[in-house]
Amino acid sequence: MCGIVGYIGRRDVAPLLLEGLQRLEYRGYDSAGIAITGRSGELRTVKAKGRVRDLEARVPKRFAGTTGIAHTRWATHGAPSDANAHPHLDADSAVAVVHNGIIDNASELRARLSAEGTAFTSETDTEVLAHLIARSQADTLEQRVSEALRSVEGTYGLAVLHRDFPDRIVVARNGSPVVLGIGEKEMFVASDVAALVAHTRQVVTLADGEMATLKADDFRTYTTEGSRTTATPTTVEWEAESYDMGGHDTYMHKEIAEQAEAVDRVLRGRIDDKFATVHLGGLNLDPREARGVRRIKILGCGTSYHAGQIGAQLIEELARIPADAEPASEFRYRNPVVDPDTLYVAVSQSGETYDVLAAVQELKRKGARVLGVVNVVGSAIAREADGGTYVHAGPEVCVVSTKCFTNTVVAFALLALHLGRIRDLSVADGRRIIEGLRRLPGQIDEILKAEPEIKRLALHFADAKSMLFIGRVRGYPVAREASLKLKEVSYIHAEAYPASELKHGPLALVEPAMPTVAIVPDDDLLEKNRAALEEIKARSGRILAVAHQEQEKADHTIIVPKNEDELDPILMGIPLQLFAYHTALALGRDIDKPRNLAKSVTVE
Ligand code: AGP
């Protein structure tokens, strides 16, 4: 979604802002813009529909300044256009605002301001903020921004420049991330550390309801009501290089390729061989509380929801606690019964997905205990949860999630093992699972070696208009995630069904033009899965199986190494990530930034 970058210091600001915007391109956007405080204090802006390179081409040669803000916009109110791109200015060009989020009462505010004579130049909700700040008569810019924000309902991460206060940038957060980057005689602000980590790894993440003033050698944070807050900078875990492509042609390929390393990281330092369990320091759940949990409800969206579905099965299998997963976006709108003996788990790579965050906030309001399973350290969901665990996948830049899915499922395996060993999982079973977890990185590398063959298969199926994905019990969420991967990145329609449901409808779709991808693990359901393959073959369906051994009824089988039954789903989806990748490549898709999608969905 939208991205913000800002800088105040001594360096030439335009190239810094353009570089920051490029680092945010992965989030998805349709236009970009930049505003700087010029040499004589005047505000100058350049905006362009399209890519950051289109904006760069428009930046005049003489565009000098050392303070500025910039933005990549993902249209919500008003079509992608130069006029709707941020920054937005008031009528006198005294105030420039960049904004992520949505102002819910924008139409009402627009009507009021228009009736009072304000002329609008864009269709955006953001422009009202520029006019409201400009109209304020308060003494300081901080007071003017906070006065404007009092009229506003909705979510925002924003940064403001003012012609009359050229020594500062004022920023504010409510529901949309704002991170300050603390440098040596220079300060940065961004909606995502990716935009500033090349310059500083010292960051302060603002909380909702917090504002900050950045000056070249100083920053301070405070509430929207003006009370000072304490902000201690923390060090970003990742080097700037972790955000680069590292010799791969796309981030998706890089991120698929680094999964063995990522899984190794989520396991590191957590295994306790003596008690055949794992330590998850941040759970904030003592053994007595863990024993008291009667049910676990996992909430996430998209890929994280699928990881949660596998997580629920792992928890039921290893800890024998009834568990299920539900899209957070559905859960929050159905007035759910919140039960005090249920443990809620919010899953999110970004930790900023609005639907997940809103579900967490609703649960907390009703007194529920919520854990987070999150990748981005210090993100909103991680902060809002009562405890949880990080999945340590490292920065995931491609819009399409791959390594985070795998690491999230491994994190759930750790949680399930931890809960299981507090409850009734035997030492022997605990050891069995630990040994299985330790085998994962090597097995992932083995799967990745089959890339040339998987590429060949992708080319073979790339002409399909639609594909069916099937799996049973442990294989079903794998099928769902694999079908999501294919549709997101290749735009081929793909539908996932439990193999057990074939006869109840989807079998009608089977014909040579509708290939099926089947997840066929060597577990107690192997014969049942084989029966489904027979049914498809009998109707001349083409089959690609992902299995632990060659499947006679399949036209092609991708063989993956066998692990413990419970852990097999972690491995079985990986070849299908490569399958989706190579299909998209063959079709010439924009792999890292599929159309219409954004990396973190911070609006409803
Ligand atoms: C993954 O490939 C998708 N782009 C999407 O489904 C994503 O998983 C979903 O939006 C949730 O994001 P989160 O994990 O950051 O909360």
Side-chain angles (χ1 to χ4, degrees), residues 1 3 26-28 74 175-177 191-194 250-253 255-256 259 298-311 325-332 345-361 370 372-385 388-409 411-412 477-478 480-491 494 496 573-574 576-581 583-584 589-604:
M1 307 238 110
Y26 77 95
R27 297 176 68 95
W74 194 80
S176 199
S191 50
D192 183 325
V193 287
T250 61
Y251 280 105
M252 183 174 180
H253 195 265
E255 287 157 9
I256 292 174
Q259 288 180 101
I298 301 170
L299 301 165
C301 293
T303 288
S304 290
Y305 160 55
H306 296 153
Q309 286 190 303
I310 302 178
E326 184 176 343
S329 45
E330 290 283 295
F331 175 84
R332 58 183 283 244
V345 183
V347 201
S348 175
Q349 183 286 128
S350 59
E352 303 287 348
T353 299
Y354 186 75
D355 281 318
V356 185
L357 182 62
V360 173
Q361 288 167 341
V370 187
V373 175
V374 170
N375 188 41
V376 177
V377 175
S379 54
I381 294 165
R383 291 155 71 113
E384 196 81 37
T389 184
Y390 285 116
V391 309
H392 296 302
E396 192 179 65
V397 175
C398 178
V399 166
V400 175
S401 181
T402 51
K403 65 172 178 171
C404 262
F405 171 76
T406 303
N407 265 40
T408 303
V409 179
F412 270 115
V478 177
R480 294 193 64 169
E481 173 55 15
S483 85
L484 177 66
K485 272 322 60 120
L486 186 73
K487 70 185 128 204
E488 278 187 302
V489 72
S490 74
Y491 316 152
I574 292 174
L576 295 173
Q577 296 172 345
L578 280 173
F579 180 78
Y581 173 80
T583 309
R589 305 303 190 219
D590 188 355
I591 291 187
D592 285 333
K593 295 187 278 290
R595 67 183 180 203
N596 308 336
L597 299 181
K599 183 64 182 165
S600 41
V601 184
T602 51
V603 293
E604 253 183 278

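In listed order, ligands and their atoms are each counted from 1. Quick note: residue numbers are just sequence positions, from 1.
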Contact check, side chains of Arg595 and Asp590, non-hydrogen atoms, under 4.5 Å: no

Minimum side-chain heavy-atom gap Lys485-Phe579 below 4.5 Å: no

Contacts of Glu352 that satisfy salt bridge (charged side-chain N to carboxylate O under 4.0 Å, His left out) - sequence neighbours left out: Arg173

Contacts of type side-chain contact (heavy atoms from CB on, under 4.5 Å), residue Val478, not counting sequence neighbours: Ile310, Ile519, Pro569, Met572

Pairs where residues 396-408 contributes a residue and the test salt bridge (charged side-chain N to carboxylate O under 4.0 Å, His left out) is met, not counting sequence neighbours: Glu258-Lys403, Glu396-Lys599

Neighbour list for ligand 1 [protein residues, heavy atom under 4.0 Å]: Cys301, Gly302, Thr303, Ser304, Ser348, Gln349, Ser350, Thr353, Val399, Val400, Ser401, Lys485, Glu488

Phe405 side, atom CZ; His306 side, atom NE2 - distance, nearest 0.5 Å: 8.0 Å

